[in-house]
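Okay, so here's the structure we're looking at.
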Number of protein chains: 2
Amino acid sequence: MSDSCQNCAHFKDSEWAVLGGCNAKGLDCARRSRHFLPGEPVYHEGDEPSGIYCVSSGLIGIRKVDAEGDSMLLRLVRPGQTFGYRSALTGAPHGVSAEALKDVRVCHIPAATVRKALAEEPGLLMAFFRHLADDMAAAEVKVMETVSASCRVRFLRLLMALGGGEDAGLLELPVSRQDIASLIGVRSETMSRVIRGIEDEGLAHFSGRRVEIPDPHRLAEESAGALAA
Amino acid sequence: MSDSCQNCAHFKDSEWAVLGGCNAKGLDCARRSRHFLPGEPVYHEGDEPSGIYCVSSGLIGIRKVDAEGDSMLLRLVRPGQTFGYRSALTGAPHGVSAEALKDVRVCHIPAATVRKALAEEPGLLMAFFRHLADDMAAAEVKVMETVSASCRVRFLRLLMALGGGEDAGLLELPVSRQDIASLIGVRSETMSRVIRGIEDEGLAHFSGRRVEIPDPHRLAEESAGALAA
DNA sequence: GGCCCGTATTGATGCAGATCAATTTCAAGG
DNA sequence: CCTTGAAATTGATCTGCATCAATACGGGCC
């Protein structure tokens with residue numbers, strides 16, 4: 001009872017919030033909570049969609065591999081966010097893969113339930129449309145940054161994004177450095193050098209996955225102006 | 001009369017096809033055909049959305065500029081395709097700008113009409129969702145390619161994409177070489193050198209915007225395998 | 001403690017593509 | 001025809017990041 005969608009801490013920020021009480025109940029009945037270990041795949045590129053996933057805890061990575069076999073981490077999915085909805089709604093096979101990056105608990109809402117909810121609450125599709133529009137905007141920014149910004153600047157911007165609204169100059173990298181590197185599209189060796197450079201300048205202090213940022217304002221300046229010395 | 005949406009050559013392939021006859025009539029009444037000269041902007045990044053655009057003839061370029069001021073051509077919109085629908089549907093300001101790349105004729109469907117059509121035909125939103133999902137998939141591929149493939153390979157792939165279903169080894173570049181360069185994220189000087197290289201190998205022959213491809217099959221092979229000599 | 005294995009770091013070197021600077025080509029207009 | 005300006009090409013050089021190859025670190029486990 002306490003373990004229901006409406007009691008979920010993230011419910012009100014999710015797409016499901018547009019559902020009225022009784023439809024939300026349908027969600028509860030149909031959903032199944034599943035657990036994944038770090039590295040375990042939730043679905044692969046090319047798989048047929050089976051429904052929509054919702055992260056309750058942990059972290060999901062959305063990954064894509066190209067023809068030559070090397071993969072890239074496209075984005076992260078945090079607790080409270082949905083993923084896999086694109087294919088679930090269009091019916092097309094997944095164009096990307098999803099995998100657990102930590103111990104993860106996700107809820108799976110089967111396609112049939114999704115279809116029913118869509119039919120009964122038209123606002124739901126619009127909620128997912130907005131989500132997709134946001135993802136698309138982020139993808140466009142990513143394309144721009146990848147071609148125009150140096151990997152140093154891209155990493156600084158990632159740090160700011162990870163910092164979120166936190167004013168405290170202390171944050172934790174959610175994933176390994178290899179994955180961070182993959183996220184900004186560079187080799188892990190380069191990642192090391194970039195981190196070392198930032199460390200040497202005193203812009204930030206890294207120990208393991210802990211990052212301390214003495215002067216967030218300075219970091220913001222440097223990540224904005226690509227030309228800053 | 002003959003100049004109506006239903007008579008439009010592209011109608012059946014567009015999102016509007018899901019509309020029944022009477023709703024399509026509403027489209028006809030409300031839409032306004034507009035003309036743009038090459039280089040003229042349709043809307044800018046940050047503008048408030050005013051409706052959905054539909055290309056009848058010519059070519060539209062979707063562009064984005066970053067903080068440092070340099071811009072990139074993200075994608076092309078061809079006759080029969082819609083653009084600007086993302087902001088029109090979410091209400092958020094445009095995240096990209098749209099400009100005419102040739103003499104262009106577009107139809108503009110005002111936001112109010114769009115809202116009405118959405119309310120009367122639920123399938124319409126799904127049609128746009130599919131469109132956005134396709135754009136998103138393309139953006140993901142673009143990110144991957146930009147980080148992993150050489151500019152030569154990216155250009156060859158663009159050539160294949162522009163060739164479309166054409167088996168004939170003859171195609172026309174839709175835009176200037178600067179814009180082609182901007183489309184794959186390289187400088188125009190590099191573009192020249194890449195084209196020269198391809199020319200020298202006899203993979204394709206360029207004169208102005210005309211491109212002749214003696215052996216499309218060979219081009220396909222080279223664009224697939226990044227490692228091909 | 002010592003061993004082992006995966007992650008992270010560091011160094012040396014190479015190359016793709018950017019950058020700067022000159023031409024050359026070409027289309028439009030007088 | 002000549003002029004003009006934008007687009008395209010070419011050359012010389014520079015640099016950021018990849019690549020290849022070692023080495024160091026760190027944490028689980030015997």
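So that the names make sense, note that chain A is the first sequence line, chain B the second, and so on, each numbered from 1.
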Separation of atom [atom1] in [X] from atom [atom2] in [N], rounded to whole Å:
| X | N | atom1 | atom2 | value |
| --- | --- | --- | --- | --- |
| A:Phe206 | C:dT10 | CZ | P | 13 Å |
| A:Ile195 | D:dC25 | CD1 | C1' | 15 Å |
| A:Leu173 | C:dA8 | CG | P | 10 Å |
| B:Asp179 | D:dA6 | CG | P | 16 Å |
| A:Gln178 | C:dC5 | CD | C1' | 13 Å |
| B:Met72 | C:dA18 | CE | P | 11 Å |

Exercise for the section: Compute whether any side-chain donor of one residue and acceptor of the other, for B:Ser192 and B:Arg177, lie under 3.5 angstrom apart. Expected result: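 Judged by distance alone, the side chains do not pair up.
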Could you check whether [X] pairs with [Y] (Lys NZ or Arg NE/NH1/NH2 to Asp/Glu carboxylate O, under 4.0 Å)?
| X | Y | value |
| --- | --- | --- |
| A:Glu201 | A:Arg152 | yes |
| A:Arg196 | A:Asp200 | yes |
| A:Arg34 | A:Glu40 | no |

Problem - Under 4.0 Å protein heavy-atom contact, by nucleotide of nucleotides 10-20 of chain D - B base, S sugar-phosphate only - result: BBB----SSBB
Practice task
Would you please classify the geometry between the B:Phe83 ring and the B:Tyr53 ring as parallel, tilted or perpendicular, with 30° and 60° separating the classes?
Solution key: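 B:Tyr53 vs B:Phe83 ring planes: parallel.
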Exercise for the section: Without swapping roles, check the side chain of B:Ser87 against the backbone of B:Ala92 for a donor-acceptor pair under 3.5 Å. Expected result: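 Checking the backbone N and O of B:Ala92 against the side chain of B:Ser87, a donor-acceptor pair under 3.5 Å is found.
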